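Take a look at the structure below.
Every value quoted in this text rests on a predicted model; they were computed, and no experiment measured them. Letters A, B, ... mirror the listed sequences (proteins, then strands); counts begin at 1.
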Amino acid sequence: MFGFLKILAANVAKGPSTDPFPFVESPAPKRFRGKVRLNPALCVGCAICRHVCAGGAIHIAGRPDGSGYDFTLWHNTCALCGLCGHYCPTGAISMSSDWHSAHPQTEKYDWCERHFVPFLACEGCGEHIRPLPSALTGRIYADNDVDEAHLARLCPQCRQLETALHLGRNGHEDHKRA
Amino acid sequence: MKKLIATLSARSPWLYRINAGSCNGCDVELLTTACIPRYDVERLGCKYCGSPRHADIVLITGPLTARVKDKVLRVWDEIPEPKVTVAVGICPVSGGVFRGGYSIEGPLDKYLPIDINVPGCPPRPQAIIEGVIKARDVWRARIGG
């Protein structure tokens, strides 16, 4: 008959189970997918994120003067699916744990992730290009003994030429082994 | 007497939900926010009501489909002024993943004055609570309580 006392005592000992959010900050779980964040140092502008985005939240547009491109992500149409981060080849896009999304209507169109990624002139031909981040060149040229830092600052055509000349001089790794 | 009622009622705005063609994801989060003790929006003096005529803050989910558009606007008109409109989820704010669909009339702010946006797909219950708090502040300012 007094079995409930045991439950009562256990519940009192456990304390309230209500999340005290408005009065105390509520941290998100470890793998929570909150607002999308871009690291502009890693972004190469391949636009695969724009291609896979279900909500059409990502806009990537080059500046007319060729100085770089603007990356804009509107949080108000982002479905937080995480596909952009999943497909990002350089890991530039990640999901933060920031879940604070309530904002007044006046800030509706400012609720964006905006970044400008600058272009540099190719060291070979002078064309304006996005230099490859070292994270990417490290993966591409992992097995080759080349000057990665130099190749990263070349446009694709010059890079192709440079790599071909390098191989002509030194031979390919596979051929050396054979 | 009127001032006293305004002061007292400013502490407990009543919430009303309108589903404008939502997928039910945000509605489940609204339900979670109110009905399970872990989030419990009634701590803040808020309470869901069943009639639009009793409501102070209206939470709208869904991208406003062609089929429900007139009904949503009619129900919204039933809510007495001053009211605060909160768009919950990315659909009412921008159309979200449904934007441009043949049956989508939204975004909602083409037809209604929205006060607070709570984007997310769906937003976390805490984010909805944050939105309700912001709406409550707007509402208090509006009734001068």
Between [atom1] of [X] and [atom2] of [Y], what distance do you get to the nearest 0.5 Å?
| X | Y | atom1 | atom2 | value |
| --- | --- | --- | --- | --- |
| Glu25(A) | Gln126(B) | CD | CD | 9.0 Å |
| Asp19(A) | Thr33(B) | CG | OG1 | 11.0 Å |
| Gln105(A) | Ile114(B) | CD | CD1 | 6.0 Å |
| Ile128(B) | Phe21(A) | CD1 | CZ | 11.5 Å |
| Tyr109(A) | Ser94(B) | OH | OG | 8.5 Å |

Any side-chain donor paired with an acceptor under 3.5 Å for Thr18(A) and Arg38(B)?
->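 Distance-only check fails for Thr18(A) and Arg38(B).
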For the student: nearest non-hydrogen atoms of Val118(B) and Ser101(A), plus distance =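 Val118(B) and Ser101(A) have their closest heavy atoms at CG1-OG, 3.8 Å.
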Which heavy atom of Cys78(A) sits nearest a heavy atom of Ile90(B), and at what distance?
->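 Looking at all heavy atoms of both residues, the shortest contact is O-CG2, 3.5 Å.
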Leu44(B) portion near chain A, given a 4.5 angstrom heavy-atom threshold =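 For Leu44(B), the contact with chain A is made by the side chain alone.
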Side chain, backbone, both or neither: which part of Asp115(B) has a non-hydrogen atom closer than 4.5 Å to chain A?
->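 Just the backbone, heavy atoms under 4.5 Å.
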May I ask you to name which of Pro16(A), Ala54(A), Ser26(A) has the most heavy-atom pairs under 4.5 Å with chain B?
->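 Most pairs with chain B among the choices: Ser26(A).
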Name the option with the most non-hydrogen atom pairs under 4.5 Å to chain A; the candidates are Val97(B), Asn117(B), Asp40(B).
->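 Top count of heavy-atom pairs under 4.5 Å with chain A: Asn117(B).
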Closest-packed option against chain A by number of heavy-atom pairs under 4.5 Å, given Pro122(B), Cys121(B), Pro119(B) =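 Heavy-atom pair counts peak at Pro119(B).
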Counting only heavy atoms closer than 4.5 Å, note whether His75(A) contacts chain B via side chain, backbone, both or neither.
->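 Contact with chain B involves the backbone of His75(A) alone.
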Check each atom of Cys53(A) against the heavy atoms of chain B and say whether the ones under 4.5 Å are side chain, backbone, both or neither.
->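 Answer is neither: Cys53(A) stays 4.5 Å or more from chain B.
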Distance under 6.0 Å and angle within 45° of ring axis: Arg124(B) vs Phe32(A) =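 Yes; both conditions hold, so Arg124(B) lies above the ring face of Phe32(A).
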